[in-house]
Protein chains: 2
Amino acid sequence: MRHDEVIHRLRAQGYRLTQQRRLILNALAAHHGHVSARELHRIVARQAPAINLATVYRTLHWLERVGLAHAIDAGEHQRLYEYAATDDHHHLICRSCGAQQEIDHAVFDALRERLLERYAFVADPRHIAIFGWCARCRAAYAPADAAPSRRAAP
Amino acid sequence: MRHDEVIHRLRAQGYRLTQQRRLILNALAAHHGHVSARELHRIVARQAPAINLATVYRTLHWLERVGLAHAIDAGEHQRLYEYAATDDHHHLICRSCGAQQEIDHAVFDALRERLLERYAFVADPRHIAIFGWCARCRAAYAPADAAPSRRAAP
DNA sequence: ATCTATGCAAACCGTTTGCACGCTT
DNA sequence: AAGCGTGCAAACGGTTTGCATAGAT
């Protein structure tokens with residue numbers, strides 16, 4: 001695995017490599033996509049039942065600090081983590097069925113340029129969740145490709 | 001104020017208009033931008049000290065249900081609310097100084113088109129927070145207009 | 001041997017809920 | 001008079017922290 005070398009560097013920096021950290025980092029790296037601390041705990045607990053949830057939290061903070069994990073920017077009411085080696089990407093989330101689709105960072109290039117021009121702002125979107133309606137649900141609901149009206153009174 | 005008529009409609013639908021709801025709605029509408037439940041509670045408590053935090057939460061849920069308030073999509077580790085009459089807009093947030101700038105919904109038009117073409121996804125971004133670096137901080141840090149490198153090891 | 005990281009349990013913070021009562025309708 | 005909405009207090013779920021100890025260096 002790739003992180004062994006990273007870990008080496010970290011050890012050189014005075015951090016200690018414990019079984020728990022190893023397990024948690026592996027689980028995080030193996031898990032494609034986001035994980036909550038709780039889920040991660042459930043996963044590593046299969047291999048090391050004694051591991052404590054607090055340790056997972058502390059380790060996640062540590063991984064974030066040393067740059068091996070990112071906390072999710074946007075999204076729902078729970079903090080999620082992902083392995084930092086993952087390429088920048090974003091998500092489309094369907095309001096109707098909840099399906100998530102990963103999209104490429106490049107889709108934001110035009111927007112970033114525009115923000116730079118108009119607002120002199122260097123955008124660095126790391127993990128944005130964009131809500132809307134996926135093709136399937138749209139087809140199921142209506143033939144038109146217009147979004148369902150949002151402010152409609154019931 | 002505009003909501004009197006809305007409230008009228010709601011009353012017609014069988015909802016009851018209490019002092020608390022009136023106060024909370026007014027405070028929410030008067031507050032430009034996002035508010036947390038706690039902050040809103042603090043505000044209304046100035047006029048009605050007996051008002052309970054649970055009531056604020058319940059009222060916010062109710063306002064959301066009837067379409068008078070939106071919960072914030074993206075953003076930080078706290079759920080925030082805003083008055084629904086507010087136009088769709090988004091925020092640029094500086095990672096360095098924390099400054100927030102409101103940006104127009106139209107900035108997303110090109111992105112929405114692209115998402116529709118490429119992913120057949122109808123994006124409905126309501127309140128996205130885009131992190132990055134504002135002009136001032138960028139000037140202070142470096143002459144170049146490049147974003148500070150993100151994955152740099154310390 | 002040193003001192004970091006862990007386990008445990010309690011604390012914390014925002015949010016939700018059950019219940020009896022008050023107030024709008 | 002009827003019943004929705006409120007206050008109160010307790011419960012809840014996720015996250016953090018103090019403390020003694022195990023374990024990596």
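Each chain gets a letter, A, B and so on, in the order its sequence line appears, and its residues count up from 1.
Rounded to whole Å, the distance from CZ on A:Arg21 to C1' on D:dT25 is 13 Å. Rounded to whole Å, atom P of D:dT6 lies 13 Å from atom OH of B:Tyr15. In this structure, the CZ atom of B:Arg22 is 14 Å from the C1' atom of C:dT25, given to the nearest Å. In this structure, the CG atom of A:Leu10 is 17 Å from the P atom of D:dA24, given to the nearest Å. The CG atom of A:Leu63 sits 12 Å away from the P atom of C:dA5 (whole-angstrom rounding). Between B:Leu23 atom CG and D:dT6 atom P there is a gap of 11 Å when expressed in whole angstrom units. Per the geometry, CG belonging to B:Asn52 stands 12 Å off C1' belonging to C:dT16, to the nearest Å. The separation between B:Leu60 atom CG and D:dT6 atom C1' is 15 Å, rounded to whole Å.
Toward the 5′ end of DNA chain C lies the nearest nucleotide of A:Leu53, the other residue of the pair A:Leu53 and B:Leu53 mapping further downstream.
Taking the six-membered ring where the residue is Trp, B:Phe108 and B:His105 present parallel rings, their angle staying beneath 30° rather than reaching 60°.
Using a 4.0 Å cut-off, some side-chain N or O of A:Thr55 falls inside it from OP1 or OP2 of C:dG7. Dashed line: the shortest gap from a side-chain N or O of A:Arg38 to OP1 or OP2 of D:dG13 is not under 4.0 Å. Checking the phosphate oxygens (OP1, OP2) of D:dG23, no side-chain nitrogen or oxygen of A:Thr18 falls inside 4.0 Å. In this model, the phosphate group of D:dG7 is approached by a side-chain N or O of B:Gln20 to a distance below 4.0 Å at OP1 or OP2.
Within the nucleic acid shown, B:Leu17 comes within 4.0 Å of sugar-phosphate atoms alone, with no base atom in reach, counting heavy atoms only. Residue contacts shown for A:His61 are limited to sugar-phosphate atoms, with no base heavy atom under 4.0 Å away. Residue contacts for A:Ala54: at a heavy-atom cut-off of 4.0 Å it reaches a base atom on one of the strands shown.
You'll find that the side chain of B:Ile51 is closest to D:dG7, out of D:dT6, D:dG7, D:dT16. Comparing C:dT25, D:dT25, C:dG7 against the side chain of A:Arg11 picks out D:dT25 as the nearest. You'll find that the side chain of A:Arg16 is closest to D:dG23, out of D:dT25, D:dG23, D:dG7.
For a distance-only test at 3.5 Å, the side chain of B:Arg58 qualifies as a donor-acceptor partner of the base of C:dG18. With hydrogens and angles ignored, no donor-acceptor pair closer than 3.5 Å exists between the side chain of B:Arg79 and the base of C:dG14.
Judged purely by atom type and a 3.5 angstrom limit, A:His61 has no side-chain atom pairing as donor or acceptor with the backbone of A:Val56.
Put simply, CD1 on B:Ile130 and CD1 on B:Ile93 are 9.5 Å apart, with the number rounded to the nearest 0.5 Å. Taken to the nearest 0.5 Å, the CG atom of B:Leu25 stands 9.0 Å off from the CG atom of B:Leu10.
Within the 4.5 Å cutoff, the side chain of A:His31 has no heavy atoms near those of the A:Glu82 side chain.
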Using the rule given for salt bridge (charged side-chain N to carboxylate O under 4.0 Å, His left out), can you reason through B:Glu39 versus B:Arg42, listing the C-alpha separation, both sets of side-chain angles and the distance that settles it, and then say yes or no?
CA-CA 5 Å; B:Glu39 169 109 13; B:Arg42 234 174 270 129; 3.8 Å; yes
